[in-house]
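Residue numbers begin at 1 in each chain, while the letters A, B, ... track the order of the sequences. The structure displayed is predicted, hence computed values, not measured ones.
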Number of protein chains: 2
Amino acid sequence: MADKKMGITQRKEREKEEMRRLILAAALRLFRERGYDGVSIRNIAEAIEYSPGTLYLYYQDKSEIFFALQYEAAAVKRDYLLPVADIEDPWERLVEFGRRYVEFGMKHPDLYDLLFITRAPMEYIENQECWKLGLATHSFFKETVQACVDRRYFKSTDTETIAYTLWCHAHGLVSLFVRERMRMYPEDIRQELALKSFDMIVKMAGNL
Amino acid sequence: MADKKMGITQRKEREKEEMRRLILAAALRLFRERGYDGVSIRNIAEAIEYSPGTLYLYYQDKSEIFFALQYEAAAVKRDYLLPVADIEDPWERLVEFGRRYVEFGMKHPDLYDLLFITRAPMEYIENQECWKLGLATHSFFKETVQACVDRRYFKSTDTETIAYTLWCHAHGLVSLFVRERMRMYPEDIRQELALKSFDMIVKMAGNL
DNA sequence: TTGATAAATGAACAGTGTTCATTATTTTTG
DNA sequence: CAAAAATAATGAACACTGTTCATTTATCAA
């Protein structure tokens, strides 16, 4: 009797999880197309053919759906960056980390936006799992910079400032792109310009 | 008779202008506090003690109020940067331009947000006066970089990429700050870190 | 003072996030 | 298997949103 109950509980839990994934998938697709504010709970409900009220049985409110997506984005980003951990040489690791960071932003502008640009209730974000994930990635980045400092790849030994400076450039690069502030450059050279700029900062970094 | 009528027309025009300024001032204050989406037309109307419908006699819709504010922001930024035009030496001019750009972003995060981060209907923005103003400033920036290139202040001669790279860093610096993505650094060192990073990029730039 | 013109109003429309009593379904019990 | 209990889904309702427009109010010219 108890084990039968367990089986059902498990199935229920699985169904609940499936429902959550259904909601999230629809939400991501809609957010992608129309942005966070352009999408209503009713829109999402309609997309999955449920009533609006049902969504509130799986997520407390709209922002919780947002947070769930933000976590997914952080996971995708981590997976995108993870392979560089295998690169032994810290300098090569750092360059590849940067290259992949920018590539992630270019390929998934909606996810990048979710993670680094969208104005969410940031008072709460620190308590989210997502934040921990992001922090871990940031720590890995700083450790790589530290390893470069230890091997005298830079002139400066101020790891914190070096890491931050590199991050600033990469974030600026991606976010100008994502938020369409490069319209003064013809569309076909934007991507190229971004790549050239990345190469430039890499060369510069040797003189940091 | 005609001149009397003219006087009245002028006064009317002036009053209309005053009303616009009243709306804009209230809107900016509210946007500052609660963000674009957090403020309703009714909120603005209430703040200036008029009915919601009245605002539509002065602005076509909510986004036009946004555009008007964006223009104001562009004007403030231009005035903030203008004094550097007097600096003869292009390198000094460039550094001071960057310093002021960052300072502007830090002092007026709401205006910076309006100009470079907020998702506005960007399809229309190019037709706005604001865009022209921004373009002019960007051109001035690129000309200064060009002047530095001409005087061999950089190793590279790729003016476009150099300008873009510097802009990326400055924008990244400010926007991480403005959108609160520096929470992993203790609050009291954030500003300091930003300044250190700016100094670092200045030193680096000599090796661009 | 009256008639014309302009300005301000606020009710109304279709949308939003969210709640909750009601209904439908599924699971457990007798 | 039928009845009871538990769970899930619903959609109407509430207070909000941007926007429009017939109506009212205020200003101005004759």
Side-chain angles (χ1 to χ4, degrees), chain A residues 1-24 26-27 30-31 33-69 118-121 124, chain B residues 1-24 26-27 30-31 33-69 118-121 124:
Chain A
M1 202 191 281
D3 53 340
K4 187 180 173 185
K5 209 169 183 177
M6 277 298 275
I8 288 174
T9 313
Q10 271 178 263
R11 179 175 57 79
K12 291 256 165 175
E13 196 50 53
R14 205 178 55 232
E15 281 174 355
K16 208 160 179 126
E17 199 49 50
E18 271 172 30
M19 187 63 167
R20 275 197 237 269
R21 297 216 61 79
L22 192 65
I23 293 170
L24 248 43
L30 290 172
F31 286 158
E33 289 165 9
R34 313 211 289 264
Y36 182 75
D37 291 307
V39 177
S40 71
I41 294 289
R42 281 173 185 80
N43 294 153
I44 302 172
E46 201 178 356
I48 60 173
E49 295 174 305
Y50 276 84
S51 78
T54 303
L55 299 217
Y56 288 87
L57 300 173
Y58 298 91
Y59 291 101
Q60 267 198 330
D61 52 34
K62 194 183 174 187
S63 83
E64 214 186 63
I65 297 177
F66 172 81
F67 285 137
L69 283 176
T118 301
R119 257 201 206 298
Y124 301 141
Chain B
M1 202 192 284
D3 53 340
K4 189 179 171 186
K5 210 169 181 178
M6 278 297 277
I8 288 172
T9 312
Q10 271 179 262
R11 179 175 57 79
K12 292 256 165 173
E13 196 48 53
R14 205 178 55 233
E15 282 174 355
K16 207 160 178 124
E17 199 48 50
E18 272 171 28
M19 186 63 168
R20 274 198 237 269
R21 298 216 62 79
L22 191 65
I23 292 170
L24 248 45
L30 290 173
F31 284 158
E33 290 165 9
R34 316 212 286 261
Y36 181 76
D37 291 308
V39 178
S40 70
I41 294 289
R42 282 173 184 80
N43 294 154
I44 303 173
E46 201 178 356
I48 60 172
E49 294 176 305
Y50 276 84
S51 81
T54 304
L55 300 215
Y56 288 86
L57 301 173
Y58 297 92
Y59 291 100
Q60 267 197 330
D61 52 34
K62 194 184 174 188
S63 83
E64 214 185 63
I65 297 177
F66 171 81
F67 284 137
L69 282 177
T118 300
R119 258 204 205 295
Y124 300 142

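- If you take CD1 of B:I44 and P of D:dC16, they are 17 Å apart, rounded to a whole angstrom.
- By the side chain to side chain donor-acceptor pair (under 3.5 Å) test, A:R20 pairs with no residue at all, sequence neighbours left out.
- With a 4.5 Å cut-off on side-chain heavy atoms, B:L57 and B:M19 do not count as touching.
- Listed here is the closest heavy atom pair of A:I23 and A:Y59: CG2-CE1, 4.1 Å.
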Which donor-acceptor pairs under 3.5 Å do the side chains of residues 39-48 of chain A make with protein atoms, sequence neighbours left out?
unit_1, atom_1, unit_2, atom_2, d
A:S40, OG, A:R42, N, 3.4
A:S40, OG, A:N43, N, 3.0
A:S40, OG, A:N43, OD1, 3.0
A:S40, OG, A:N43, ND2, 3.3
A:N43, OD1, A:R34, NH2, 3.1
A:N43, OD1, A:S40, N, 2.9

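- For the pair A:I41 CD1 and D:dC14 C1', the interatomic distance rounds to 16 Å; values are reported in whole Å.
- From A:F66, atom CZ reaches atom CG of A:D61 across 12.0 Å, with rounding to the nearest 0.5 Å.
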| remark: Protein-proximity profile, nucleotides 8-15 of chain C, B/S/- by nucleotide at the 4.0 Å heavy-atom cutoff, equals BBB-B---

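- Taking the ring-ring contact (aromatic ring centres under 6.0 Å, His included) definition, one finds that B:F31 meets it with B:Y36, sequence neighbours left out.
- Here CD of A:E64 is found 12.0 Å from CG of A:L55. Values are rounded to the nearest 0.5 Å.
- To the nearest angstrom, P of D:dT17 lies 15 Å from NZ of A:K62.
- Distance, A:Y56 OH to D:dC14 C1': 13 Å, rounded to whole Å.
- Counting heavy atoms from C-beta on, the side chains of B:Y58 and B:L24 never come closer than 4.5 Å.
- Separating the CG atom of B:L30 from the P atom of D:dG18 is a distance of 11 Å, rounded to the nearest angstrom.
- The distance between atom CG of B:L22 and atom P of C:dA7, rounded to the nearest whole Å, is 16 Å.
- When rounded to the nearest whole Å, the span between CD of A:E15 and C1' of D:dA9 equals 14 Å.
- If you measure from atom NZ of A:K16 to atom P of C:dT27, you get 14 Å, rounded to the nearest angstrom.
- Among residues two or more places apart in sequence or in another chain, the salt bridge (charged side-chain N to carboxylate O under 4.0 Å, His left out) test is passed with A:E15 by A:R11.
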| Paired and unpaired positions of DNA chain C as dot-bracket, Watson-Crick or G-U wobble under 3.5 Å, | denoting a partner strand | |..|||||||||||||||||||||||||||

